[in-house]
Amino acid sequence: MTVSAYIFFIIKLGKTQEVIDQLRKIPEIVSVAVVTGEYDVIAKVIVENLEELYEIATQRIHMIEGIEDTQTAVVEKEVLIE
Amino acid sequence: MIAPESRPVSKFRRKSTFYSLSLISGIIVSVYVILDDYVNKIYISDPYILGAYEMVVGVIVSLVLVALLHIPIRKKLDGKWFYNIGYFFDRNFRRIRFPQGRIGIYTLLAGFFASGSSILYYVLLERNDASVIMPFSQFVLIYLLLGDSISEKQKPVLVELQSMAMIAVGVIIATVSNNITSSSSSSFLVDIFLIIGPLSLCSAFYIFFQKKALTTKDKEGKVYDSINLRIWTMMIITIGHCLAAIPSYRNGGLAVVREYWQPTLFPVILSMLLVFIAVVFYTRALTMGKMSIVRALKSVSVVSTLPMLAIAGIGIPGLVSVDFWSNTNIVLKISGSILILIGVIALALSETRSILLAKVKQGVKISPEELSKLKGVEDFSFITGIYDILINIKIRSIGKTFRLIEKSIAKLSWIEDVTTLLVMKEYE
């Protein structure tokens, strides 16, 4: 049983592309979207368990230079429409 | 920490599999149309007899393949278990089952309209060569767009109008290419009438009822699968073809099949096998990625048929006419095909994406079904944190996104607040 989560990023001005390039190197991140509004980037992560999510967030994502703030929202239920 | 090779997300392999399946599905379509063209031009010229013959063989081939899909297998894929080969291609497939109730009615109607479009496909194949059949088949997109606009009570947006114009002009150019040596304009007008009228209308209704059959739930709350739908519509198409061929039987049609069954059996079996594989690949690609990209990649068949037919024409005398090699004909065919291809790709890839972050009201019952019924909502997730639901929206313009939020989502009784984030760039 896998765990999905959305990570919302606030990024320092002018660092967006560099951060995206680093995020795309992480295999557990399945999609990255640059958005308008209160966040700058939203990434979707699929991992095996919460322990792995913690490790990726703290050891990989938080190490990327240019990220000002992150918020992680774990998916409780996902509804896909055909 | 899990080893990289056993992780649930194998980004490169999954993505390349997705693109390969979509592209191969498109190329396979070109190959089977050329095989049909070969049998038609060299051996069985009567389109009704050829259609009935191919469909009877097709049903037998499909039943054998479906029997193979029942082979039990237990393996984990993308975090889910699948229990037979068929489940690998369609997650809703368990076994052959007769469609009942409303699903049965939709399957019957899908089969009826599929019969109409299939019969007209053979009629047009007899009148034209394979390289223009693929462009013809794209005209249905115009009807689907018009159907969407009428059901949504909204005017088509600019990109939709541009794509519709490109496809329409492309089809006309491709039709002209096949009539350049014809002294009368009646042949051209008949082709145009058949494509714009019955062929595309039958295809549009077929797609509509096929979608209805796949999205309607049965008494147990389960949805139907594409493999069962394919086999049952195939049966109805075969009955339709056999009925349409009755006048031709009296004119010695069966004698032609008896005479040529040996040289044509292998190409017909191969063609029907490829039809089935193309459908299965297309369905599998849809389960792995965006429908718009699958559709755009599959439209490669519009241009891939032309060089393939040219190569086949060199090896098989009589497959293409002498006029096929004229400069005017080739320029017209390429121009028409490219116009249609650009129109289809522009339409498929021009959608705008938005992410909505919604908060729900305390103490009010949530009804996710209301959200899943809204057109444009791709998927949604219940999440932890300051927001309760993340909704992914994909629609053809920002104006339409506004109308969806303002007139539908914001009016749901259990939604308290919505924050909209427009996607400027996306990596997958």
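Worth saying up front: this structure is predicted, and the values here are computed from it rather than measured. The sequence lines fix the lettering, A, B, ..., with proteins before strands; numbering per chain opens at 1.
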Quiz item: What part of A:Gln71 is in contact with chain B, defined as an atom under 4.5 angstrom from a non-hydrogen atom: side chain, backbone, both or neither?
Solution: side chain

Exercise. Please flag which part of B:Ile389 lies under 4.5 Å from any non-hydrogen atom of chain A: side chain, backbone, both or neither.
Key: neither

Quiz item: So which heavy atom on B:Leu421 is nearest to which on A:Gly37, and how close?
Solution: CD2-CA, 3.9 Å

Quiz item: Non-hydrogen atoms of chain A under 4.5 Å away: do they reach the side chain of B:Leu422, the backbone, both or neither?
Solution: both

Self-check item: Derivation of the side chain to side chain contact (heavy atoms under 4.5 Å, CB included) call for B:Glu426 and A:Val34
Solution: CA-CA 6 Å; B:Glu426 196 180 16; A:Val34 187; over 6 Å; no

Quiz item: Going from CD1 on A:Ile42 to CG on B:Leu357, what distance comes out if it is rounded to the nearest 0.5 angstrom?
Solution: 5.5 Å

Exercise. Count the heavy atoms of every other residue, nucleotide or ligand shown that sit under 6.0 Å from NZ of A:Lys77, and state whether that count exceeds 12.
Key: no

Quiz item: What closest approach, in Å, do A:Val35 and B:Met424 show between heavy atoms, and which atom pair accounts for it?
Solution: O-CE, 3.6 Å

Practice problem: Check the pair A:Phe8 / B:Leu390 against side chain to side chain contact (heavy atoms under 4.5 Å, CB included), numbers first and verdict last. | Solution: CA-CA 11 Å; A:Phe8 306 105; B:Leu390 183 147; 3.8 Å; yes

Quiz item: Between atom CZ of B:Phe382 and atom CD of A:Glu78, what is the distance when rounded to the nearest 0.5 Å?
Solution: 11.5 Å

Quiz item: Looking at CZ of A:Arg24 and OH of B:Tyr427, how far apart are the two atoms once the value is rounded to the nearest 0.5 Å?
Solution: 6.0 Å

Practice problem: Give, as side chain, backbone, both or neither, the part of A:Glu38 having an atom under 4.5 angstrom from any heavy atom of chain B. | Solution: both

Quiz item: B:Ser354 versus chain A, heavy atoms under 4.5 Å apart: side chain, backbone, both or neither?
Solution: neither

